[in-house]
Peer 1: 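Mind looking over this structure? Questions follow.
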Amino acid sequence: MSAHEPPTSPSIPKFRYSAALASGIEAQWQDYWQQHRTFEAPNPAGPLAEPQKVAGRPKLFVVDMFPYPSGAGLHVGHPLGYIGTDVYSRYKRMKGFNVLHALGYDSFGLPAEQHAIATGVHPRTNTDANISNMRRQLRRLGLGHDDRRSVCTTDEDFYKWTQWIFLQIHGSWFDTDARRARPINDLVDEFSSGRRSTPDGRSWSDLSNDERADIIDSHRLVYLSDAPVNWCPGLGTILANEEVTAEGRSDIGNYPVFKRNMRQWTMRITAYADRLIDDLDRLDWPEPIKLMQRNWIGRSEGARVRFATQVGDIEVFTTRPDTLFGATFMVLSPEHPLVESLTTTEQRTLVNQYRAEAAAAGDTARMDDSREKTGVFTGAYATNPVNGAAIPVWIADYVLMGYGTGAIMAVPSGDQRDFDFARRFDLSIVATQMPPDSWFEQHGIEPSVSCAMWPEAFVGEGTYVNSANNEVTLDGPRSMADAKSIINTWLAEHNLGEPTVTYKLRDWLFSRQRYWGEPFPIVYDDDGRAHAVPLSELPVLLPELDDFRPQALDPDDAVTEPIPPLARVEHWRTVTLDLGDGPRSYRREVNVMPQWAGSCWYEVRYLDPTNTTSFVDSEVEKYWMGPSAPGHTGGVDLYVGGVEHAVLHLLYSRFWHKVLYDLGHVSSEEPFHRLFNQGYIQAYAYRDARGQAVPAHEVIEANGSYSWNGEAVTREYGKMGKSLKNIVTPDEMYDEYGADTFRLYEMSMGPLEVSRPWNTRDVIGMQRFLQRFWRNVVDEDTGACKAQDVTCPEELRRHLHKCIAGVDSDMDGLKFNTAISKLIELNNELTQWINAGNATPREIVEPMVQMIAPLCPHFGEELWRRLGHQESITFVPFPVADPALLVSDTIELPVQINGKVRSRLVVSASTGEQEVIDAVMADEKVRTATNGKQIVKTIVVPGRMVNIVIK
RNA sequence: GCCCGAGUGGCGGAAUGGCAGACGCGACGGAUUCAAAAUCCGUUGUUCGAAAGGGCGUGUGGGUUCAAGUCCCACCUCGGGCACCA
């Protein structure tokens with residue numbers, strides 16, 4: 001392993017740790033690992049079983065978020081997380097763990113398809129080229145991945161199982177009593193045995209086949225719905241709610257998105273809303289991500305309440321049933337089904353006009369809350385169930401049909417929107433809670449239960465007023481929770497309402513009108529009824545296409561019906577199958593699955609990538625992902641990725657995993673037990689006077705201002721990207737410094753979870769450190785190992801053990817930046833010792849090499865070999881600190897006077913408190929400072945410091 | 001508007017409530033060199049001072065404490081998420 005090309009320049013010693021030397025070393029060790037299959041992790045069972053290697057080691061499953069193989073290749077920001085997980089995995093191998101670390105590719109998706117449309121090149125060709133380039137770039141980084149497990153979602157034997165999971169979901173329903181998914185046949189049994197009654201109460205045997213199928217289909221966890229969807233003509237496909245930005249545009253491409261009705265496959269993720277929220281408490285995730293998921297799911301607890309009208313009850317959902325007595329009017333969504341029958345003759349013209357306007361304005365316009373409130377009176381009145389008051393019924397577009405029941409009871413005294421509406425249209429406002437005096441004081445008005453002077457609604461805890469009828473009263477001081485519970489009980493007793501929970505989360509639109517995705521394993525019969533393709537027919541392969549274009553659509557064309565590319569492949573679209581009643585002709589589903597499908601379960605396939613009989617061997621899944629203790633969710637031990645998938649990938653994959661768990665296919669309840677959000681590496685970009693980006697690496701800084709070609713430019717900070725001309729690639733770093741220096745720099749820049757700016761100029765610092773380290777072990781001229789079995793000074797030995805203890809705990813906590821500085825400090829001290837003419841103590845450098853190995857694996861392997869070891873350093877145990885060397889005999893105590901350090905005192909570590917005080921009082925500087933002052937107090941923090949308080 | 005997260009030297013960043021600025025970059029000075037690069041040694045928060053030494057310093061203003069970058073309250077700025085959600 002030591003025959004490297006000598007560096008080209010004659011003035012540089014032959015064995016200096018230069019970029020050229022590093023590159024040679026790195027290439028050789030990468031080959032070594034590949035030949036020796038160093039990172040192939042043994043499985044306990046299944047096709048990759050090596051049970052004897054599994055035995056006696058704890059396991060660790062580390063996963064990076066699934067990358068999309070972009071055509072642009074990697075820039076230095078991309079590998080940050082991969083390096084972090086690699087360092088951690090290598091560290092854990094040295095701590096005795098059986099580590100599974102692999103990286104696959106989320107290779108279906110829009111960019112490859114858009115590229116195919118533009119160039120006519122098959123997306124597979126392009127995707128494969130991108131993957132090989134990315135594999136090449138990552139191999140050069142020296143990542144310890146098990147390459148056998150590098151799956152791609154576009155592989156036929158991968159998407160076979162994506163389709164299989166789809167059919168599992170299609171073949172199940174959610175039992176709301178058991179709070180879990182069950183096979184759909186259980187539901188058929190329940191209906192046919194009479195344990196469960198049919199929707200209209202007829203017996204199961206009296207129903208026609210079609211009627212039965214309708215009932216069953218309506219219970220499936222994935223179902224066809226003809227409902228409003230997010231239609232994005234610019235992409236030629238619909239999008240999930242999570243893929244639409246707050247501005248009503250597509251997350252990808254920023255095209256306009258329109259609401260329209262289309263028949264789509266929809267995943268019943270809402271059935272899992274409660275478990276998706278509740279189980280967050282059992283996960284080791286960053287709190288902000290949990291919060292984002294909670295907010296996205298948006299559980300609100302309240303009550304459904306029915307208000308009687310002449311044409312039937314209006315049902316509302318409210319989170320504040322305790323304010324029912326203050327409901328002075330109702331507001332219905334313009335699309336509410338009762339509007340038609342409620343509206344009086346006199347109001348009809350106005351109402352129709354308003355409804356037309358509301359329909360014309362897009363969702364986005366309606367959501368613009370800076371607008372003034374609009375609305376129209378229907379002419380009808382409803383009865384407030386708690387006090388019998390006749391209250392007017394209005395329609396207004398701020399009430400959305402898609403949330404709750406599409407109707408609200410308006411309590412203007414307690415809700416700001418209702419308050420605004422009431423003031424605008426002069427509707428009455430009745431207080432149900434008396435705000436505290438401080439509230440009135442803040443608003444500069446006299447306390448009054450009359451709302452006439454109130455400038456805004458009062459939301460909060462207050463004494464209840466005006467809230468009683470003959471049977472129930474809330475009046476007086478009481479908590480909101482009590483009041484809600486009292487009124488809910490009363491409502492239930494009188495059959496006027498009941499406690500309910502609603503969610504913001506909507507079901508997941510799962511169809512995409514594209515080509516480059518998994519085909520649905522679904523066919524339709526002549527009646528248009530969907531059937532599952534038999535498992536034996538999987539995978540349903542994508543047909544070849546010559547032309548990948550969806551029909552050309554204007555991004556603003558909201559009305560034209562989309563025709564997916566697969567609809568044009570007539571020979572593929574029609575298929576003859578025997579689904580139990582003889583061979584018949586069926587038509588295939590022509591939509592494809594969204595990109596999220598493959599990433600919903602890929603981590604499971606890492607476990608058993610070559611299994612042809614199951615998506616994963618259950619024993620293998622249990623070993624790598626099973627719960628570690630009763631009550632533990634199980635799942636990946638460490639999942640690292642960016643925060644941008646907080647409500648997309650991380651919500652969808654949890655949902656799929658829970659379905660698989662319910663059906664008994666996995667033993668883990670959650671896919672990712674511990675989540676770590678890495679920061680981003682960003683970069684400066686520069687623009688000239690015209691606002692054009694200029695090449696960032698050509699910009700010169702002088703005295704805090706920046707220039708390019710002699711022209712002043714302005715600096716901005718953001719993502720690396722082509723358009724900003726500020727990309728730095730790993731390849732440039734490999735050439736200039738080698739992979740180990742690059743890895744070390746990325747890890748040293750700051751905490752892994754924090755975003756930070758890239759600064760090529762700083763990389764040199766880590767290069768110098770490795771050079772000094774190298775020079776301490778290797779003779780730069782001869783390449784000979786300098787380490788000798790000599791005794792080293794006690795102080796250096798103590799420093800080593802302190803370093804071991806610190807690096808060990810830093811690496812365990814993913815704090816690589818501080819681990820690196822500890823190694824640099826130790827190396828600096830070692831350098832001084834050696835520069836003073838001493839030999840290199842083997843006792844110091846061997847543990848140092850072991851400690852640097854996870855960070856700079858090629859460097860570590862090479863030095864380990866040069867130190868005379870024949871085995872790879874990968875599984876050499878991490879050094880252990882000697883506790884006896886961590887405590888020192890003497891300590892330096894800072895002495896503070898009134899909190900300011902005035903002196904330092906070296907004392908024996910065993911000095912008692914009184915002795916310390918005596919020594920402090922004898923100190924010259926202390927005597928000067930305290931001279932003539934009264935000592936009020938003396939604080940001694942054992943082993944840490946002394947503080948004297950004087951007056 | 002609501003909810004998170006973050007503000008520390010010229011820069012990236014360290015600091016279980018206990019010596020603020022570890023480590024690295026940059027800058028400055030020195031050694032080596034014909035010279036440079038590389039390497040090695042040293043200085044480097046700011047301010048007053050010739051020096052010894054002192055004052056001030058972690059976004060701003062208050063507070064708790066013997067002691068606050070760290071805890072509490074209010075505010076400012078930046079980044080992110082959600083947004084007429086009943």
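Sequence lines set the chain letters: A, B, ... in the order given, protein chains first and strands last, and positions in each chain run from 1.
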Peer 1: Using the P atoms only, state how far G53(B) lies from U16(B), rounded to an integer number of Å.
Peer 2: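 One P to the other, the span is 30 Å.
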
Peer 1: Let me know the distance between OH of Tyr403(A) and P of A83(B), rounded to the nearest Å.
Peer 2: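 Answer to the nearest Å: 12 Å.
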
Peer 1: When the nearest nucleotide of RNA chain B is assigned to Ile820(A) and to Asn898(A) on a heavy-atom basis, which residue is associated with the more 5' position?
Peer 2: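 Nearest-nucleotide comparison on RNA chain B picks Ile820(A).
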
Peer 1: Write down the distance separating the C1' atoms in G21(B) and U65(B), rounded off to the nearest Å.
Peer 2: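 The same atom, C1', in both gives a distance of 24 Å.
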
Peer 1: Is there side-chain contact between Thr714(A) and Tyr686(A), with at least one heavy-atom pair below 4.5 Å?
Peer 2: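 SC-SC contact between Thr714(A) and Tyr686(A) ruled out.
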
Peer 1: For atom P, what is the distance between G24(B) and U60(B), given to the nearest Å?
Peer 2: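 Nearest-Å result for G24(B) against U60(B) at atom P: 29 Å.
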
Peer 1: Phe329(A): what forms a ring pair (Phe, Tyr, Trp, His ring centres under 6.0 Å) with it, not counting sequence neighbours?
Peer 2: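 Phe329(A): ring pair (Phe, Tyr, Trp, His ring centres under 6.0 Å) contacts with Phe421(A).
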
Peer 1: If the P atom of U43(B) is compared with that of A22(B), how far apart are they to the nearest Å?
Peer 2: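 Straight-line distance between the two P atoms is 12 Å.
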
Peer 1: Between Ser300(A) and A86(B), does any side-chain N or O lie under 4.0 Å from OP1 or OP2?
Peer 2: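 The answer is yes; a side-chain N or O of Ser300(A) sits under 4.0 Å from OP1 or OP2.
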
Peer 1: Mind listing the N/O atom pairs, protein and nucleotides 30-35 of chain B, below 3.5 Å?
Peer 2:
none

Peer 1: With sequence neighbours left out, what residues match Asp762(A) under side-chain hydrogen bond (donor to acceptor under 3.5 Å, both in side chains)?
Peer 2: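 Partners of Asp762(A) by the side-chain hydrogen bond (donor to acceptor under 3.5 Å, both in side chains) criterion come out as none, since no residue qualifies.
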
Peer 1: Please compare Arg902(A) and Arg320(A) by the position of their nearest nucleotide in RNA chain B and report the one closer to 5'.
Peer 2: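 Closer to the 5' end of RNA chain B: Arg902(A).
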
Peer 1: Distance-only, no hydrogens or angles: does the Asn488(A) side chain make a donor-acceptor pair with backbone N or O of Pro321(A) under 3.5 Å?
Peer 2: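 No: the side chain of Asn488(A) does not pair with the backbone of Pro321(A).
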
Peer 1: Determine yes or no for a side-chain-to-main-chain donor-acceptor pair under 3.5 angstrom, with Tyr745(A) supplying the side chain and Asn759(A) the backbone.
Peer 2: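 Checked: pair present.
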
Peer 1: Counting only Watson-Crick or G-U wobble pairs whose two distances fall under 3.5 Å, which nucleotide matches U64(B)?
Peer 2: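 Here U64(B) is not engaged in any pair, so there is no nucleotide opposite it.
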
Peer 1: Listed by chain and number, what are the ring pair (Phe, Tyr, Trp, His ring centres under 6.0 Å) partners of His336(A), not counting sequence neighbours?
Peer 2: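 For His336(A) there are no ring pair (Phe, Tyr, Trp, His ring centres under 6.0 Å) partners, ignoring immediate neighbours.
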
Peer 1: Check Glu287(A) with Lys290(A), please: is the shortest side-chain N to carboxylate O separation under 4.0 Å?
Peer 2: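 Answer for the salt bridge query: yes.
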
Peer 1: Please give the distance between the P atoms of G30(B) and G7(B) as a whole number of Å.
Peer 2: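 Rounded to whole Å, the distance is 39 Å.
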
Peer 1: Any protein N or O atoms within reach of nucleotides 12-20 of chain B? Criterion: under 3.5 Å, listing atom names and distances.
Peer 2:
from, atom 1, to, atom 2, distance (Å)
G12(B), O2', Met749(A), O, 2.9
A14(B), OP1, Asn817(A), ND2, 3.0
U16(B), O4, Arg944(A), NE, 2.6
U16(B), O4, Arg944(A), NH2, 3.1
C19(B), O2, Arg904(A), NH1, 2.0
C19(B), O2, Arg904(A), NH2, 3.0
C19(B), N3, Arg904(A), NH1, 3.2

Peer 1: Does Glu315(A) have any salt bridge (Lys or Arg N to Asp or Glu O under 4.0 Å) partners at least two apart in sequence or in another chain, and if so, which?
Peer 2: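 Result, salt bridge (Lys or Arg N to Asp or Glu O under 4.0 Å) vs Glu315(A): Arg304(A), Arg306(A).
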
Peer 1: For nucleotides C72(B) and G1(B), find the distance between their C1' atoms and express it as a whole number of Å.
Peer 2: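 Straight-line distance between the two C1' atoms is 26 Å.
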
Peer 1: Residues two or more places apart in sequence or in another chain: which of them pass salt bridge (Lys or Arg N to Asp or Glu O under 4.0 Å) with Lys786(A)?
Peer 2: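 Residues passing salt bridge (Lys or Arg N to Asp or Glu O under 4.0 Å) with Lys786(A): none at all.
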
Peer 1: Write out all pairs satisfying side chain to side chain donor-acceptor pair (under 3.5 Å) with one or both partners inside residues 892-903 of chain A, taking only residues at least two apart or from two chains.
Peer 2: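 Only Ser903(A)-Asp923(A) qualify under side chain to side chain donor-acceptor pair (under 3.5 Å).
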
Peer 1: Which word best sums up how the rings of Phe859(A) and Phe773(A) line up, parallel for under 30°, tilted for 30 to 60°, or perpendicular for over 60°?
Peer 2: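 The arrangement is perpendicular - the two ring planes meet at more than 60°.
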
Peer 1: Is there a donor in the side chain of Arg506(A) and an acceptor in the side chain of Asn241(A), or the other way round, less than 3.5 Å apart?
Peer 2: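 Judged by distance alone, the side chains do not pair up.
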
Peer 1: When you measure from the side chain of Arg16(A) to the backbone of Trp774(A), do you find a donor-acceptor pair of N or O atoms at a distance under 3.5 Å?
Peer 2: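 Checked: no pair found.
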
Peer 1: Within this structure, what is the CG-to-P distance between Asp397(A) and C85(B), rounded to whole angstrom?
Peer 2: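 That distance rounds to 13 Å.
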
Peer 1: Scan Arg304(A) against the nucleic acid and name what it touches under 4.0 Å (heavy atoms): base, sugar-phosphate only, or nothing.
Peer 2: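 Contact class for Arg304(A): none.
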
Peer 1: Can you check G21(B) for me, syn or anti if syn means within 90° of 0?
Peer 2: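 Base orientation: anti.
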
Peer 1: Considering only atom C1', compute the distance from G61(B) to C25(B) and round it to an integer number of Å.
Peer 2: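 It works out to 35 Å between them.
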
Peer 1: Among pairs that include at least one residue of residues 818-838 of chain A, which meet salt bridge (Lys or Arg N to Asp or Glu O under 4.0 Å), considering only residues two or more places apart or in two chains?
Peer 2: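 Sorted pair list: Asp810(A)-Lys822(A).
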
Peer 1: Mind checking the P distance from U46(B) to A51(B)? Whole angstroms is fine.
Peer 2: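 15 Å, rounded to whole Å.
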
Peer 1: So which protein N/O to nucleotides 38-48 of chain B N/O distances come out below 3.5 Å?
Peer 2:
from, atom 1, to, atom 2, distance (Å)
A38(B), O2', Arg16(A), NH1, 2.7
U39(B), O3', Arg775(A), NH2, 3.1
C40(B), OP1, Arg775(A), NH2, 3.2
C40(B), O3', Asn835(A), ND2, 3.4

Peer 1: Could a donor-acceptor pair under 3.5 angstrom be found where the side chain of Lys822(A) meets the base of C23(B)?
Peer 2: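 Such a pair does not exist between side chain and base.
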
Peer 1: For nucleotides 1-9 of chain B, print each protein N/O atom paired with a nucleotide N/O atom at under 3.5 Å, atom names and distance only.
Peer 2:
none

Peer 1: Quick one: look up who U39(B) pairs with, Watson-Crick or G-U, both distances under 3.5 Å, and put none if it's unpaired.
Peer 2: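 Its partner is A31(B).
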
Peer 1: Sort and list the pairs that fulfil salt bridge (Lys or Arg N to Asp or Glu O under 4.0 Å) and have at least one residue in residues 741-750 of chain A, not counting sequence neighbours.
Peer 2: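 Listed by first then second residue: Asp86(A)-Arg743(A).
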
